[in-house]
A.B. asks: 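Here you go, one structure.
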Amino acid sequence: MNILPVSMSVAMLLSSSLAAAPFDTCPSKAYLFQSQPVQVYGVNLVTGETQLLQGDTGSSANINAVGFDEADRYIYGYDTSNKQIVRLGQDFQVEPVNTSNLPQDHTFYVGDVINHIFYLYRQGKGLFKIDLSPLDSDPNALLVVEKITSRAVVSLTDFAFHPGNGKLYGVDNGSGFLYEFDIANGQETLVGDTGQKGTFGAGYFDRDGYFYVSRNADVMSNGVVIREGGKIYRIDLSLANSNLDSGDVLAVEFADGPSSNQNDGARCAKAPVIDEDSTIDFGDAPASYGTLLSDNGPRHQLDGITWLGLTVVDGDQDGAISPISDDTLGVDDEDGIGFVTAIAPGLDSRVTAYASTSGYLSAWIDWGGDGEFNDPQDKIFSDYPLEAGQNILFVEAPITALGGDSWGRFRFSQQTGLDADGGSTSGEVEDHPVTISDANTRHQHFPSSTGYVTLAYEDSYPYTADYDMNDVVMFLRVTETYKGRC
């Protein structure tokens, strides 16, 4: 590695002391830096929900190349307007850092921190590092910028360190190829093709080794959007992924996020993506239906407004694989969907959907019993508008539907275009077991296949008693089964 000659360096000596308090913990949020003056957003990588955390950082500049330092719990970045290193604490106020030998002939847009060292990268200029440890004893210490190598051939707009193996990864903007970088000499190694292209301005890891990349803006071709901006993709780089050696690193669309022409991201990589105070609802169908977060299962950010049923939804840590269910792990909140009539091949069935507010319902039933919702005919509703209260829906089962036990998935949200998997910024997902009748057999339920009516009795009424109607209380459901042609 080389230290830039003093004649080519600039010493940035600052009179003010670094005073901002660090973050209290290793936070689960991902932080997104956008715009000039810079604004800081919190991004829930699981659902794509974004929240403006700081609109006024005390700086009129753009801050890029940001990285979270787990050693001192500060975010470090590069001020592209003033060409200086800065850091931010939990109040997200920008503080300049004293440096020497920081290049002034170009800016940086790519950076991350590991082991208390801040790494910077610029295509065609090189890989650099800054030891941050002198700040531990002296907030005004002068940090020396060291040039590791001039080799920097990959077109990057962000990279991030893997918390499990300590390796550095980034996605080439032109090709969509994923590269691993040797921080000792800057040598890049091709890992594989992610299958996605665009400018990936923000990259994050979680503690399980999943790599998240966020595309800045729409990718256009002949005036037509061919890839949407703001999408968050997940690449499985977990140590348990046995397909890494074969280059299987496809980027899976994971959630929606904000689009911008100026994006950069930082995150405490050793934090889980879901904290213990979860405000996310998951499904609970069997694992083959893609229910767990590791399988990109369906999940909804609880917005306090949008849900199915009478019961407000509680948060989950992950999907619950049947026979365990959301109801058994928390509040019994799977009460929004009811099957009133039998589901039989070739016939219409009546289904009720109780909505807390107006929104859009998308739903699937596994007609073939293959343990997936992948067949086109499995989707029974697409962005169907629901009104607040009880909605009566009709489902036509295909004549080829296989009789027996199956599953249905119902997703209610303010968001449209949902698939059977992936994240949503609002609403609830309910997974329900479904019985598909054999040919010439049908069932009819009162009040529904999952609901009950309440019957209350008073002894000796109307002659004498206390009339409190609680001597006998029963929950009643009636199921009628019809055989033969009906």
A.B. asks: Does L190 reach the side chain of E188, with side-chain heavy atoms less than 4.5 Å apart?
C.D. replies: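 No, side chains not in contact.
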A.B. asks: Strictly distance-based, threshold 3.5 Å: is any side-chain N or O of S362 a donor or acceptor partner for the main-chain N or O of D383?
C.D. replies: yes
A.B. asks: Minimum heavy-atom separation for S28 to A271, with atom names?
C.D. replies: CA-CB, 3.9 Å
A.B. asks: Rounded to the nearest 0.5 Å, what separation is found between the OH atom of Y119 and the CD1 atom of I130?
C.D. replies: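 With rounding to 0.5 Å, OH (Y119) is 11.0 Å from CD1 (I130).
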A.B. asks: Quickly, which of R411, Q415, E49 forms a side chain to side chain donor-acceptor pair (under 3.5 Å) with H300? Name it, please.
C.D. replies: R411
A.B. asks: Is there a donor-acceptor contact under 3.5 Å from the side chain of D112 to the main chain of G67?
C.D. replies: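 Flag not set: sc D112 to bb G67 has no pair under 3.5 Å.
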A.B. asks: Counting only N and O atoms by type, is there a donor-acceptor contact under 3.5 Å from the side chain of Q54 to the main-chain atoms of D91?
C.D. replies: yes
A.B. asks: Got a second to check how far L52's CG is from Q39's CD, nearest 0.5 Å?
C.D. replies: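 Result: 5.5 Å between the selected atoms.
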A.B. asks: Should the ring pair Y233 and F200 be called parallel, tilted or perpendicular, given that the plane angle runs from 0 to 90° and is split at 30 and 60?
C.D. replies: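 Y233 vs F200 ring planes: perpendicular.
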A.B. asks: Could you give the distance from CG (D281) to CG (D314), rounded to the nearest 0.5 Å?
C.D. replies: 7.5 Å
A.B. asks: Hey, are Y289 and D366 close enough side-chain-wise for a donor-acceptor pair under 3.5 Å?
C.D. replies: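 Per modelled atom types, D366 and Y289 side chains form a pair under 3.5 Å.
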A.B. asks: Using the ring of each side chain (for Trp, its six-membered ring), is W364 parallel, tilted or perpendicular to F373, with breaks at 30° and 60°?
C.D. replies: tilted
A.B. asks: Can you find a side-chain donor-acceptor pair between S413 and S426 that sits under 3.5 Å?
C.D. replies: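 Looking only at side-chain atoms, S426 and S413 do form a donor-acceptor pair, the distance falling under 3.5 Å.
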A.B. asks: Looking just at side-chain N and O atoms, do E180 and Y169 make a donor-acceptor pair shorter than 3.5 Å?
C.D. replies: yes
A.B. asks: I would like to know whether D69 and R87 meet side chain to side chain contact (heavy atoms under 4.5 Å, CB included); could you show each step before the answer?
C.D. replies: CA-CA 10 Å; D69 186 358; R87 79 175 185 182; over 6 Å; no
A.B. asks: Could you walk me through whether D206 and L45 pass the side chain to side chain contact (heavy atoms under 4.5 Å, CB included) test, one step at a time?
C.D. replies: CA-CA 10 Å; D206 68 17; L45 294 175; 5.9 Å; no
A.B. asks: What are the two closest heavy atoms between D284 and E334, and how far apart are they?
C.D. replies: OD2-OE1, 4.0 Å
A.B. asks: So, do I235 and V171 sit near enough that their side-chain heavy atoms are less than 4.5 Å apart?
C.D. replies: yes
A.B. asks: Step by step, would you call V191 with Y179 a side chain to side chain contact (heavy atoms under 4.5 Å, CB included)?
C.D. replies: CA-CA 5 Å; V191 181; Y179 286 91; 5.7 Å; no
A.B. asks: Is there a donor-acceptor contact under 3.5 Å from the side chain of T291 to the main chain of G283?
C.D. replies: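 Answer holds: no.
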A.B. asks: For the residue pair H162 and F205, does the interplanar ring angle fall in the parallel (under 30°), tilted (30 to 60°) or perpendicular (over 60°) class?
C.D. replies: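 Ring orientation of H162 relative to F205: tilted.
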A.B. asks: Could you tell me which non-hydrogen atom of K129 sits nearest to which non-hydrogen atom of I117, and how far apart they are?
C.D. replies: CB-CG2, 3.8 Å
A.B. asks: Please check if any side-chain donor atom of N173 sits under 3.5 Å from a side-chain acceptor atom of T157, or the reverse.
C.D. replies: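 Judged by distance alone, the side chains do pair up.
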A.B. asks: Can you find a pair of side-chain heavy atoms, one from L143 and one from L132, that are under 4.5 Å apart?
C.D. replies: yes
A.B. asks: Taking N82 for its side chain and A61 for its backbone only, find out whether a donor-acceptor pair lies under 3.5 Å.
C.D. replies: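 Pair absent, no side-chain N/O of N82 close to backbone of A61.
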A.B. asks: Would you call L237 and V249 a side-chain contact if the rule is heavy atoms closer than 4.5 Å?
C.D. replies: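 L237 vs V249: side chains touch.
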A.B. asks: Please tell me if the side chains of T149 and N185 come closer than 4.5 Å, counting only heavy atoms from C-beta onward.
C.D. replies: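 Not touching, per the 4.5 Å side-chain cut-off.
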A.B. asks: With side chains defined as the heavy atoms from C-beta onward, is the minimum distance between P22 and D72 less than 4.5 Å?
C.D. replies: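 Contact flag for P22/D72 side chains = no.
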A.B. asks: Go through the structure and list residues passing ring-ring contact (aromatic ring centres under 6.0 Å, His included) with F254, not counting sequence neighbours.
C.D. replies: Y212
A.B. asks: Under the salt bridge (charged side-chain N to carboxylate O under 4.0 Å, His left out) test against E253, which residue among K231, R234, R215 passes?
C.D. replies: K231
A.B. asks: I'd like to know if the side chain of D172 reaches the main chain of V154, judged simply by a donor and an acceptor atom lying under 3.5 Å from each other, with no hydrogens or angles considered.
C.D. replies: no
A.B. asks: Do you know the tightest heavy-atom contact between I337 and A353?
C.D. replies: CD1-CB, 3.7 Å
A.B. asks: If you take all heavy atoms of D208 and S238, which pair is closest and at what distance?
C.D. replies: O-CB, 3.1 Å
A.B. asks: Quick check against the 3.5 Å criterion: does N296 have a side-chain atom that pairs as donor or acceptor with the backbone of D421?
C.D. replies: no
A.B. asks: How close do R73 and C26 get, counting heavy atoms only, and between which atoms?
C.D. replies: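 Nearest heavy atoms, R73 then C26: CD-N, 4.5 Å.
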A.B. asks: Any heavy-atom pair between the side chains of T306 and F412 that's under 4.5 Å?
C.D. replies: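 Yes; the side chains approach each other to less than 4.5 Å.
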A.B. asks: Pairing donors with acceptors under 3.5 angstrom, does anything connect the side chains of T279 and Q301?
C.D. replies: yes
A.B. asks: Starting at OG of S278, measure out to CG of L302 and round the result to the nearest 0.5 Å.
C.D. replies: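 If we round to the nearest 0.5 Å, S278:OG and L302:CG are 7.0 Å apart.
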A.B. asks: Backbone N or O of V94 within a donor-acceptor pair of the T57 side chain at under 3.5 Å?
C.D. replies: no
A.B. asks: Step through the shown structure and confirm whether more than 12 heavy atoms of other residues, nucleotides or ligands are within 6.0 Å of CG on D375.
C.D. replies: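 Count over threshold, so yes.
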A.B. asks: Under a 3.5 Å distance rule, please check whether E430 uses its side chain to pair with a backbone N or O of G336 as donor and acceptor.
C.D. replies: yes
A.B. asks: One pair to check against side chain to side chain contact (heavy atoms under 4.5 Å, CB included): F23 and I75. What are the steps and the verdict?
C.D. replies: CA-CA 9 Å; F23 288 84; I75 294 175; 3.9 Å; yes
A.B. asks: Which one of Y204, F68, F92 satisfies the ring pair (Phe, Tyr, Trp, His ring centres under 6.0 Å) criterion with Y31?
C.D. replies: F92
A.B. asks: Within a 6.0 Å radius of atom CZ on F161, are there more than 12 heavy atoms belonging to other residues, nucleotides or ligands?
C.D. replies: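 Count over threshold, so yes.
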A.B. asks: Quick check for you: to the nearest 0.5 Å, what is the distance between C268 atom SG and R207 atom CZ?
C.D. replies: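 So the SG of C268 and the CZ of R207 are separated by 10.5 Å.
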A.B. asks: Taking the side chain from N391 and the backbone from E387, do they hold a donor-acceptor pair closer than 3.5 Å?
C.D. replies: yes
A.B. asks: Do the rings of H106 and F108 sit parallel, tilted or perpendicular, given the 30° and 60° boundaries?
C.D. replies: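 The rings of H106 and F108 stand perpendicular, inter-plane angle above 60°.
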A.B. asks: When rounded to the nearest 0.5 angstrom, what is the spacing between OG1 in T107 and CG in N64?
C.D. replies: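 It comes to 8.5 Å.
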A.B. asks: Taking the side chain as C-beta and beyond, is there a heavy-atom pair between L156 and Q123 under 4.5 Å?
C.D. replies: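 No. Closest side-chain heavy atoms not under 4.5 Å.
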